[in-house]
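Each remark here refers to the structure printed beneath this line.
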Amino acid sequence: MTVPVLTIDGPSGAGKGTISRLVAKKLGWNYLDSGSIYRSLAIALLQQTVDLSDEAAIVKVAETMDLAFECGDELIVKLNGVDITAQLGLETTGNTASIIAVLPEVRQALLQKQQNFRQSPGLVADGRDMGTVVFPDATSKVFLTASAEERARRRYKQLKEKGIDANLSSLTLDIEERDRRDSERATAPLAMAENALYIDSSNMSIDAVIEEVLNLIR
Ligand code: DC
């Protein structure tokens, strides 16, 4: 029997991580945060000062990096044995991830790493191309979005809570820039899968979104 997959795709800051983690917990399924794989690669490249326009060099790092995920209440990620969790959420990490994610060979090198997460009893996979490219045969697909302003506000709040200084208008510009890059790239752009359920969470509570997603599974 094939292992069921629920894909949750959407732009940065739409709440995919929160929703996916909670839904996975409710269902007792595994969870793939595919963005963290791109982010981990970005950290490896920044550490090794690899030229971000040298696709072959990036692919080499992608193929040889050793990533380990420990999924407890918080996701812990180890890159070549070293805990990089604290660096995963940084803006530079996200922006670098978005820049290297346009490269087709890089996406190809990360494909199998993502598909390996499909393990019994099921998988909730969050990202940009989960329903379109990585798991096209997924049982259920969701496209989760929110307005750029609302996503920037949520990000601002998150950063402030962590004691990190932030500026709302520059966060909004960053988010719009990232949306553009993720949506306009030639390979596996951010796009809604044909048979996905569209949810705009701008004015919805987390519980309401979870309810809609669980209804889809039921
Ligand atoms: O979801 P996130 O913000 O952690 O992702 C960081 C970047 O990684 C995002 O801007 C684009 C890239 N990414 C991708 O291209 N495909 C995915 N499935 C997940 C992330």
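In listed order, ligands and their atoms are each counted from 1. These numbers come from the heavy atoms of this one structure, side chains and all, not from hydrogens, waters or symmetry mates. Quick caveat: nothing in here was measured; it's all calculated off a predicted structure.
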Before giving the answer on salt bridge (charged side-chain N to carboxylate O under 4.0 Å, His left out), spell out for R218 and E211 the whole-Å C-alpha distance, their side-chain angles and the decisive distance to 0.1 Å. CA-CA 10 Å; R218 288 183 200 120; E211 204 42 43; 3.4 Å; yes
How far is [atom] from its nearest protein heavy atom, and which residue and atom is that?
{"atom": "atom 6 (C) of ligand 1", "result": "R39 NE, 3.8 Å"}
{"atom": "atom 7 (C) of ligand 1", "result": "A97 CB, 3.7 Å"}
{"atom": "atom 13 (N) of ligand 1", "result": "Y38 CD1, 3.7 Å"}
{"atom": "atom 9 (C) of ligand 1", "result": "R128 NH2, 3.3 Å"}

Within a distance under 4.0 Å of any heavy atom of [X], pick out the atoms of ligand 1 and give their elements.
{"X": "A101", "value": "12 (C), 15 (O)"}
{"X": "M130", "value": "18 (N)"}
{"X": "G127", "value": "18 (N)"}
{"X": "R178", "value": "3 (O), 10 (O)"}

For atom 19 (C) of ligand 1, which of A42, S34, P11 has the closest heavy atom? S34
Could you tell me whether [X] and ligand 1 have an N or O pair separated by under 3.5 Å?
{"X": "D126", "result": "no"}
{"X": "Q114", "result": "no"}
{"X": "S36", "result": "no"}
{"X": "D182", "result": "yes"}

I'd like to know if [X] and [Y] make a salt bridge, using a cut-off of under 4.0 Å between side-chain N and carboxylate O.
{"X": "D174", "Y": "R155", "answer": "no"}
{"X": "R153", "Y": "E149", "answer": "no"}
{"X": "R185", "Y": "D129", "answer": "no"}
{"X": "E176", "Y": "R151", "answer": "no"}

Given V23, which of I210, T18, L216 fulfils the side-chain contact (heavy atoms from CB on, under 4.5 Å) condition? I210
So is R107 in contact with ligand 1, going by heavy-atom distances below 4.0 Å?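 Yes, that is the case, since the closest heavy atom of the residue is under 4.0 Å from the ligand.
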Going from CZ on F135 to OG1 on T2, what distance comes out if it is rounded to the nearest 0.5 angstrom? 12.0 Å
Audit row: S205, D207, side-chain hydrogen bond (donor to acceptor under 3.5 Å, both in side chains) steps and yes/no: CA-CA 5 Å; S205 68; D207 283 347; 5.5 Å; no
Give me the atom names and distance for the closest heavy-atom approach of N30 to F117.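 Taking every non-hydrogen atom into account, CB-O, 4.3 Å.
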